[in-house]
2 protein chains.
Amino acid sequence: MNLKQLSELLGLSQTTVSRALNGYPEVNEATRERVLQAVKETGYRPNKAAQRLATGKAGSIGLVMPTAPGHQSDVHFGEFLAGLGEEAVRHDFHFVIMPADPDDEVAALRRLAISGNVDALFVAYMRGHDPRLAMLKSLSMPYVVHGRSFGAEPDYPYLDIDNEGAFYDATRLLLQLGHTRFALMNGPTHLDFAIRRRNGVIAALAERGLTLEEDCVSHALMTDEQGLLAMERFLQLPQRPTAILCSSTVMALGAIRAVNQAGLRLGEDISLIAHDDVLPLLKPESFSVPLTTTRSSLRAAGARIAQRLIGTVKQAGPFPEQELWKTELIVRASTGPAPS
Amino acid sequence: MNLKQLSELLGLSQTTVSRALNGYPEVNEATRERVLQAVKETGYRPNKAAQRLATGKAGSIGLVMPTAPGHQSDVHFGEFLAGLGEEAVRHDFHFVIMPADPDDEVAALRRLAISGNVDALFVAYMRGHDPRLAMLKSLSMPYVVHGRSFGAEPDYPYLDIDNEGAFYDATRLLLQLGHTRFALMNGPTHLDFAIRRRNGVIAALAERGLTLEEDCVSHALMTDEQGLLAMERFLQLPQRPTAILCSSTVMALGAIRAVNQAGLRLGEDISLIAHDDVLPLLKPESFSVPLTTTRSSLRAAGARIAQRLIGTVKQAGPFPEQELWKTELIVRASTGPAPS
DNA sequence: TACATAATTGAAAGCGCTTTGGATGCCATT
DNA sequence: AATGGCATCCAAAGCGCTTTCAATTATGTA
């Protein structure tokens with residue numbers, strides 16, 4: 001069933017049917033009703049490819065999924081996608097996902113953009129001085145960046161959380177509890193959020209005249225394995241840190257295992273604060289020692305970005321170009337006063 | 001730059017340029033060279049929407065992502081997607097993801113199919129007597145089902161793992177270790193794999209004249225929370241089970257917490273075997289008590305399905321219609337002889 | 001009553017590609 | 001010289017939609 005057949009069936013022109021379907025005001029309400037009724041009965045669906053060719057709009061937003069054989073797939077990606085989806089489903093948008101080697105992200109993003117398959121782009125996994133920004137600006141296609149790019153002029157549309165503030169606050173809390181020996185389990189060095197979180201910690205420590213020693217910082221993939229390894233390393237330090245900041249609840253999982261294996265008690269011997277993206281299968285509140293976290297929902301961020309992206313494509317009013325979300329600092333049992 | 005402009009530039013017809021680009025044999029090699037050269041110089045890219053409208057082929061495979069506000073996003077989905085992606089990236093295919101309310105999956109799948117945006121469908125989260133099968137058959141679009149539909153004639157293309165066999169073998173192992181009181185922590189009742197796994201357990205028990213008591217079975221979302229709750233319930237039973245089968249390592253996480261909290265020792269007081277989809281952030285081998293599992297990589301399954309789907313679209317030879325993968329039973333420390 | 005105006009509808013021209021159904025010219029055969 | 005086959009190429013007809021421009025009818029105004 002296509003437009004032509006439908007219009008013949010109704011004894012109307014394609015023009016009128018098309019208008020009725022797309023909510024144009026110049027069609028008689030009675031006619032529109034008739035058309036809508038026929039659509040319901042026949043199950044007619046406009047062919048998207050044709051629609052796209054005619055309008056230039058695809059009703060879809062594109063994103064690059066970093067993937068490669070052996071490449072760790074990322075829980076955060078799925079969660080974020082769920083957020084995007086939640087919003088997209090309300091506007092009959094869909095996603096076009098271009099899988100790409102992580103080393104090939106710039107090219108993949110360009111391919112996606114000029115493929116003509118998408119109306120807007122979503123960009124994540126931002127790095128410091130991210131090379132994709134220049135490319136995006138040259139593209140004349142709407143986009144929103146999740147995160148920011150440290151070192152780049154902040155003149156691009158983004159939604160980010162206040163990573164520096166989050167870790168600054170977390171560190172301050174630990175300082176107030178009397179801790180003086182700190183360690184940071186962070187994500188990969190080149191990623192923007194890792195840079196900012198580190199800065200947050202350093203800034204808070206500096207106010208007390210403390211510094212973050214090089215051997216008290218780990219940069220690694222945010223897996224529980226890496227968490228275990230990093231924590232084991234920390235615990236073997238001659239001057240063992242008592243306060244640990246951690247970039248992910250996934251990593252914290254491994255870290256906690258290391259603490260337990262060392263026979264230490266979380267919240268007493270070791271205080272731990274992790275950043276919580278509100279992942280579905282990791283509830284810090286139900287850890288055996290509930291985990292103090294800086295919290296910000298990845299999923300909510302996804303939904304908001306979808307909203308901005310779709311709104312822009314549909315020309316539905318202006319959106320703020322830059323948004324910086326505060327995180328919540330939620331104190332639970334994994335933090336306590338420094339052991340004397 | 002479009003085909004018309006390019007062909008004018010070259011002094012050729014659109015026909016010839018199109019053929020040169022698409023590898024048709026009836027164009028002079030010299031001409032083809034000239035065209036390819038011009039493409040390189042002008043950066044011409046064919047408009048996908050037009051291509052699609054003309055050919056009906058989109059170079060993409062479609063899938064429905066169950067999502068709704070408040071709906072738990074699923075780690076397995078992301079991992080599976082990574083597998084699909086790994087293969088798709090090699091063939092310049094992409095995905096079109098249609099987010100949909102879980103209650104609306106049949107309709108969503110149909111929308112996706114007739115949208116003209118996809119060449120093939122991937123279908124997951126199969127249920128017993130799944131209503132989507134009939135719809136898919138009527139569709140004349142290639143598809144592959146991940147899993148099967150219990151109770152339906154197995155005449156559709158699928159890739160599944162031998163869920164029944166996996167849990168049968170796991171149960172037998174526990175029986176050999178002397179266990180007699182079993183419990184099963186399963187996924188939602190209506191899902192196909194849950195049905196088959198349960199059957200596997202029941203079959204193995206039956207051989208020894210044992211039965212699976214109703215209060216020793218839990219059907220729930222496969223989250224760590226539900227795992228915790230289910231295990232707590234099991235442990236409070238008057239005749240406490242000593243052998244637990246679990247449908248997911250995520251769930252096992254919570255279950256293990258419950259065991260620890262009850263002051264029991266995993267692998268001694270309680271033996272546990274879980275099914276391992278090889279999720280990136282849950283390594284059963286590095287649990288504090290390494291976990292005995294039935295293993296089958298979700299990601300590998302994704303890649304294989306992508307291969308079949310893309311191959312079918314490209315008419316690249318026939319693929320087996322039905323595949324049933326064996327799982328591996330990997331024995332680690334979470335299983336031990338029944339306590340006396 | 002005559003005319004301007006608003007409300008509705010349609011014909012047809014694209015959108016950028018693929019593909020059918022010829023053309024055209026060239027060569028080897030009869 | 002007439003024939004057929006082959007290698008190349010092209011004009012034009014779609015694919016299924018949107019949108020411009022125009023036509024038609026109904027309504028209101030002086």
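Quick note: numbers below take in every heavy atom, side chains included, and nothing from hydrogens, waters or symmetry partners. Per chain, numbering begins at 1; letters A, B, ... match sequence-line order.
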Residues in ring-ring contact (aromatic ring centres under 6.0 Å, His included) with Tyr158(A), at least two apart?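 By the ring-ring contact (aromatic ring centres under 6.0 Å, His included) rule, Tyr158(A) matches Tyr156(A).
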When you measure from the side chain of [X] to the backbone N and O of [Y], does any donor-acceptor pair fall under 3.5 Å?
X         : Y         : value
Asp119(A) : Ala58(A)  : yes
Ser149(A) : Ala152(A) : no
Asn22(A)  : Ser18(A)  : yes
Asp277(A) : Leu279(A) : no

Fit a plane to each ring of Phe77(A) and Tyr125(A), take the angle between them on a 0 to 90° scale, and name the class: parallel (under 30°), tilted (30 to 60°) or perpendicular (over 60°). parallel
Looking at Glu323(A), Glu86(A), Glu87(A), which one forms a salt bridge (charged side-chain N to carboxylate O under 4.0 Å, His left out) with Arg304(A)? Glu323(A)
Can you name the one residue among Asp130(A), Asp160(A), Asp192(A) that meets salt bridge (charged side-chain N to carboxylate O under 4.0 Å, His left out) with Arg148(A)? Asp160(A)
Qualifying side chain to side chain donor-acceptor pair (under 3.5 Å) pairs, either residue in residues 33-46 of chain A, two or more places apart: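 Qualifying pairs, neighbours excluded: Gln37(A)-Glu41(A).
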Salt-bridge criterion met for Asp104(B) and Arg110(B) (N-O under 4.0 Å):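 No, no charged N to carboxylate O under 4.0 Å.
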Under a 4.0 Å threshold between the charged nitrogen and the carboxylate oxygen, would Lys137(B) count as salt-bridged to Asp155(B)? yes
Compute the angle between the rotation axes at the two ends of the helix from dT1(C)-dA30(D) to dT30(C)-dA1(D), each taken over five pairs, rounded to 10 degrees.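 That helix has its two terminal axes inclined by roughly 60°.
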For a quick check of understanding: with a heavy-atom distance under 4.0 Å over all strands, which category does Arg19(A) fall into, base, sugar-phosphate or nothing? base
Mind checking whether Leu139(B) and Tyr143(B) have side chains closer than 4.5 Å, heavy atoms only? no
Of all nucleotides in DNA chain C that come within under 4.0 Å of a heavy atom of chain B, which is furthest toward the 5' end and which toward the 3' end? dG16(C) to dG21(C)
Do any of residues 25-36 of chain B sit with a heavy atom less than 4.0 Å from DNA chain C, and if so which?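 None - not one residue of the stretch has a heavy atom sitting under 4.0 Å from the strand.
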Note: contacts of residues 53-61 of chain A with DNA chain C (heavy atom, under 4.0 Å) are Leu53(A), Ala54(A)
Under 3.5 Å side-chain donor-acceptor pair for Ser13(B) and Thr16(B):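 Present: a donor and an acceptor within the cut-off.
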Rounded to whole angstrom units, what separation is found between the CD atom of Gln14(A) and the C1' atom of dT20(D)?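 To the nearest whole Å, that distance equals 15 Å.
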Within the pair Ser13(B) and dC9(D), is there a side-chain N or O less than 4.0 Å away from OP1 or OP2? no
